Amino acid sequence: MPSFQPTTESTAAAPVTSIYEPIASSKNRPIYPQENYYIEQPAAPGAYLGPIDASLPNSDKVPLLFQPFTIKDLTIPNRIVVAPMCMYSSLDGFFTNFHLASIGSFAINGAGLIIQEATAVLPNGRITPGCAGLWDDAQVFKLKEIVDFVHVQGGKVGIQLAHAGRKASAGAPYTKYPESAFWPEDVIAPSGGAHLQWDKHHRVPRELSLAEIQEVIDAFGAAAARAARAGMDTVEIHGAHGYLIHNFLSPITNQRTDHYGGSLENRARFLLEVVKSVRANFPAEKPIFLRVSASDLVEEVEGIEASWEIEQTIQIAKWVRDAGIDVLHVSSGGNTAQQKILTAPGYQVPFAEQIKRAVPGLAVVAVGIILDGPQAEEVLQSEKADLVAAGRTFLRHPNFAMNAARELNVKAAFSQQYSRGRTIHS
C-alpha cells in the first residue's frame, strides 16, 4: 500500500483582510496533490465538432449558436449563456460546495459562458440573508475554487456584481431566518420613505447620503478586484430588476434633487461612476457586461407619468459603451410591483433587438424564456442579439446546450468523462 504525502494548505498570495475567522481545523487539514488531478479536455464541452448527420440539408453550415464568440480576450465555444440566478444558499455571503456543484454542472454540460448569481458588493446589498457576497477577501477562496473547476473543464465563467437597493433584507424562499439576520434599518435607495416601499413584504428604504453613494461605488470596484483575483473571465454589473442601479435610473424610484436625480444624465450618473470603478479594478483585457431592465413595464398603468423605458435604455447603452462596457445583457421589469409583465417565449428579445440596431459597437445578450435550440438560433440568425442567455431552462435541463446541439444537428464536444452518454445503448 503506497503512502501519500500531503502538501501544506495554501492560501491566496495576496494578503487577506477579513472580518471572518477560519475554523481551527481548516489550518491543519492536509491537502494531497492527487485531489487536484483532472482529465484534460481536448475541446471545451459544447464546442462544435461537426454535424450529427451530414446527409441532412445545410449540414455543412455551422449554426450561429455553436460558433465561437470573442470579445476582448474572452472566447467562448458557443453563444449560449447561463444567466445569473439567485440560489439563496450562502451564509455571510460565502460560496459553498453547492455552488461548486451547480456551476460545475453547467460547465461539464457545455454552456458557453456561465454568469454566477447576483453577488452583493456590501452586506446590506444582499437581497436576502442567504445571498452570495464579495465584500470580503475571505470570500475569494471558494470562488476561486469554482472558477478553477470551470476552467479545467474548458469553460468560461463570470460573476454578477450587485446591490439590491430597496429590495434588500427580504425573506429567502427556502430558509426561515431569525429577525436578527436582517437589516431593516439599513435598506438603502436613492430616495427613501414609506411611499417607496416595493410592497408590504419589503422594507421601507432610507435615502443614501452622498458619502454613502461613494462608498457603494468604491465597493463595486473592490468586488471587481476580488473577482479578478479569483480568476473570473468577466464580471457583469447588475443594473436591472429593481435593484440599486435600476433604482437610480428610474424616475419612479429616484426622486432626488441633487446631481444624482432629475434629468437622465443625473439619474445615469451613479451607473456611470460604478462602471468607471469596476473598469478601473478589473483587467483591461477582460470584458465587462452590464445587465439592464429595458423598461419598467408600466406603460399601461394609470397614474404613472414617468418611468424607465426603452428610449432611455438606448441612450444609456451608448454612454456605457463609451465608458467601458463591452456587452449589454437585456432584461426588463422588476422596479415596481405595479408592472405588467406579459410573458411568452422570447418576450424580452424585442428589447435586445432594438438596442442592438441602435447602438453599434456594443454586443448584446437576449434573454427571456429561451426554451430550445431552434428558438435561440432564430434570435441570432435574425441579428436580434449576439448571444442568447437562459436561466430557468438550465435549472430544468442542466444539459440544455447539448440538447440544443442535438436539435440543430450539431455534434458538440462532450466532457470526456460524459462522452459515453452521446449514444443510447440497450
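Small disclaimer: the values here were computed from a predicted structure and weren't measured.
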- Item | For Phe351 against Leu297, the heavy-atom pair lying closest together | CZ-CD2, 4.1 Å
- Would you kindly say whether Glu407 and Asn403 are connected by a side-chain donor-acceptor distance under 3.5 Å? no
- Message: Whether Arg203 engages the ring of Phe182 as a cation-pi pair (distance to the six-membered ring centre under 6.0 angstrom, angle to the ring normal within 45°) should be assessed.
- Response: yes
- Indicate yes or no: at least one non-hydrogen side-chain atom of Lys356 is less than 4.5 angstrom from one of Val330. no
- Message: With a 4.5 Å cut-off on side-chain heavy atoms, are Leu244 and Pro190 touching?
- Response: yes
- If you look at every heavy atom in His241 and Ser331, which pair is closest and at what distance? NE2-OG, 2.7 Å
- Message: Under a 3.5 Å cutoff, is there a donor and acceptor pairing between the side chains of Arg396 and Thr393?
- Response: yes
- Heavy atoms only: give me the nearest Ala111-Ala401 pair and the separation to one decimal. N-CB, 4.0 Å
- Message: Taking the side chain as everything from C-beta on, heavy atoms only, tell me whether Val152 gets closer than 4.5 Å to Glu40.
- Response: no
- Item | Test item: Glu377 side-chain N/O and Leu65 main-chain N/O as donor-acceptor pair under 3.5 Å | yes
- Taking the side chain as every heavy atom from C-beta outward, state whether Glu117 and Gln160 have any atom pair closer than 4.5 Å. no
- Message: For Phe282 and Ile288: C-alpha separation, side-chain torsions, deciding distance, then whether side-chain contact (heavy atoms from CB on, under 4.5 Å) applies.
- Response: CA-CA 8 Å; Phe282 197 67; Ile288 296 177; 4.2 Å; yes
- Query: Can you tell me if Asp233 uses its side chain to pair, donor with acceptor, with the backbone of Gly158 under 3.5 Å?
  - Reply: no
- Query: Is there a side chain to side chain donor-acceptor pair (under 3.5 Å) between His246 and Asp296 once you walk through the steps?
  - Reply: CA-CA 9 Å; His246 190 176; Asp296 282 336; 2.7 Å; yes
- Note on the structure: What one should report as the nearest heavy-atom pair of Ile314 and Val359 is O-CG2, 3.9 Å
- Message: Could you check whether Glu353 pairs with Arg357 (Lys NZ or Arg NE/NH1/NH2 to Asp/Glu carboxylate O, under 4.0 Å)?
- Response: yes
- Message: Before you tell me yes or no, could you show the steps for Ile188 and Asn124 under side-chain contact (heavy atoms from CB on, under 4.5 Å), namely the whole-Å CA-CA distance, both residues' side-chain angles and the distance that decides it to 0.1 Å?
- Response: CA-CA 8 Å; Ile188 58 176; Asn124 71 352; 3.8 Å; yes
- Message: Under the criterion side-chain contact (heavy atoms from CB on, under 4.5 Å), I'd like the reasoning laid out for Thr253 against Asn335: C-alpha separation, chi angles, the key distance, then a yes or no.
- Response: CA-CA 8 Å; Thr253 41; Asn335 196 45; 3.2 Å; yes
- Task: For ring pair (Phe, Tyr, Trp, His ring centres under 6.0 Å), just list the numbers for Tyr48 and Phe66, CA-CA rounded to whole Å, side-chain angles, deciding distance to a tenth of an Å, and then say yes or no.
- Result: CA-CA 6 Å; Tyr48 179 84; Phe66 285 90; 7.7 Å; no
- Message: Looking at Leu56, I'd like to know if its CG atom is crowded, meaning that more than 12 non-hydrogen atoms belonging to other residues, nucleotides or ligands lie closer than 6.0 Å.
- Response: yes
- Tell me yes or no: between the side chains of Ser102 and His99, is some donor less than 3.5 Å from an acceptor? no
- Under 6.0 Å between the ring centres of Tyr20 and Phe94? yes
- Task: Please name the pair of heavy atoms, one in Val150 and one in Lys156, separated by the smallest distance, quoted to 0.1 Å.
- Result: CG1-N, 3.7 Å
- Message: If we check ring-ring contact (aromatic ring centres under 6.0 Å, His included) with Phe106, which of these qualifies: Phe149, Phe394, Phe400?
- Response: Phe394
- Query: Is it true that the side chains of Ser18 and Asp136 contain a donor and an acceptor less than 3.5 Å apart?
  - Reply: yes
- Residues forming a side-chain hydrogen bond (donor to acceptor under 3.5 Å, both in side chains) with Glu145, sequence neighbours excluded: Lys142
- Message: Is it the case that the side chain of Ser277 and the backbone of Ile217 share a donor-acceptor pair, with hydrogens and angles ignored and the cut-off at 3.5 Å?
- Response: yes
- More than 12 heavy atoms of other residues, nucleotides or ligands under 6.0 Å from CD of Glu383: is that the case? no
- Task: Decide yes or no on salt bridge (Lys or Arg N to Asp or Glu O under 4.0 Å) for Lys318 and Asp322, but give the supporting numbers first.
- Result: CA-CA 6 Å; Lys318 296 174 181 177; Asp322 297 342; over 6 Å; no
- Message: Quick one: does any side-chain atom of Asn254 pair with a main-chain N or O of Ser250 as donor and acceptor, under 3.5 Å?
- Response: no
- Does the side chain of Tyr260 come within less than 4.5 Å of Arg267's, by heavy atoms? no
- Item | Side-chain donor or acceptor of Glu309 paired with backbone N/O of Glu311 under 3.5 Å | yes
- Message: Taking the ring of His238 and the ring of Tyr243, is the distance between their centroids below 6.0 Å?
- Response: yes
- Message: Would you say that Phe289 contacts Leu161 through its side chain, given a criterion of any heavy-atom pair below 4.5 Å between the two side chains?
- Response: no
- Consider only side-chain N and O atoms of Glu378 and Gln375, and report whether a donor and an acceptor are under 3.5 Å apart. no
- Item | Glu285 atom CD: more than 12 heavy-atom contacts under 6.0 Å | yes
- Take Gln417 and Gln153 through the test side chain to side chain donor-acceptor pair (under 3.5 Å) and record every step on the way to the result. CA-CA 10 Å; Gln417 295 95 318; Gln153 305 310 310; 5.0 Å; no
- Task: Kindly determine whether Asp386 and Arg79 satisfy salt bridge (Lys or Arg N to Asp or Glu O under 4.0 Å), including the steps that lead there.
- Result: CA-CA 7 Å; Asp386 302 284; Arg79 309 294 182 95; 5.5 Å; no
- Query: Given the rule in the side chain to side chain donor-acceptor pair (under 3.5 Å) test, do Ser59 and Asn409 qualify, once you have shown the distances and angles that lead to the verdict?
  - Reply: CA-CA 7 Å; Ser59 62; Asn409 191 33; 5.0 Å; no
- Task: Check Val327, Thr119, Ile115 against Glu236 for a side chain to side chain contact (heavy atoms under 4.5 Å, CB included) and give me the one that passes.
- Result: Ile115
- Using a cut-off of 6.0 Å, state whether more than 12 heavy atoms not belonging to Lys286 lie near its atom NZ. yes
- Query: What are the two closest non-hydrogen atoms of Val216 and Phe270, and how far apart are they?
  - Reply: CG1-CZ, 3.8 Å
- Message: For the residue pair Asp148 / His151, report whether a side-chain donor-acceptor contact shorter than 3.5 Å exists.
- Response: no
- Query: Are side-chain heavy atoms of Leu328 and Val292 found at a separation under 4.5 Å?
  - Reply: yes
- Query: Are the charged groups of Arg226 and Asp137 less than 4.0 angstrom apart, N to O?
  - Reply: yes
- Item | Atom OH of Tyr177: over 12 foreign heavy atoms under 6.0 Å | yes
- Message: Working note: Glu185 + Arg206, criterion salt bridge (Lys or Arg N to Asp or Glu O under 4.0 Å); need CA distance, chi angles, decisive distance, verdict.
- Response: CA-CA 8 Å; Glu185 305 304 318; Arg206 65 173 179 82; over 6 Å; no
- Message: Within the 4.5 Å heavy-atom criterion, are Ser295 and Ile310 side-chain neighbours or not?
- Response: no
- Message: Other residues, nucleotides and ligands only: do more than 12 of their heavy atoms fall within 6.0 Å of NZ on Lys72?
- Response: yes
- Item | salt bridge (Lys or Arg N to Asp or Glu O under 4.0 Å) evaluation trace for Asp326 with Arg321 | CA-CA 6 Å; Asp326 303 288; Arg321 175 200 59 192; over 6 Å; no
- Query: Do Val121 and Trp135 pass the side-chain contact (heavy atoms from CB on, under 4.5 Å) test, and can you show the C-alpha distance, the side-chain angles, and the key distance before you say yes or no?
  - Reply: CA-CA 5 Å; Val121 300; Trp135 63 78; 5.9 Å; no
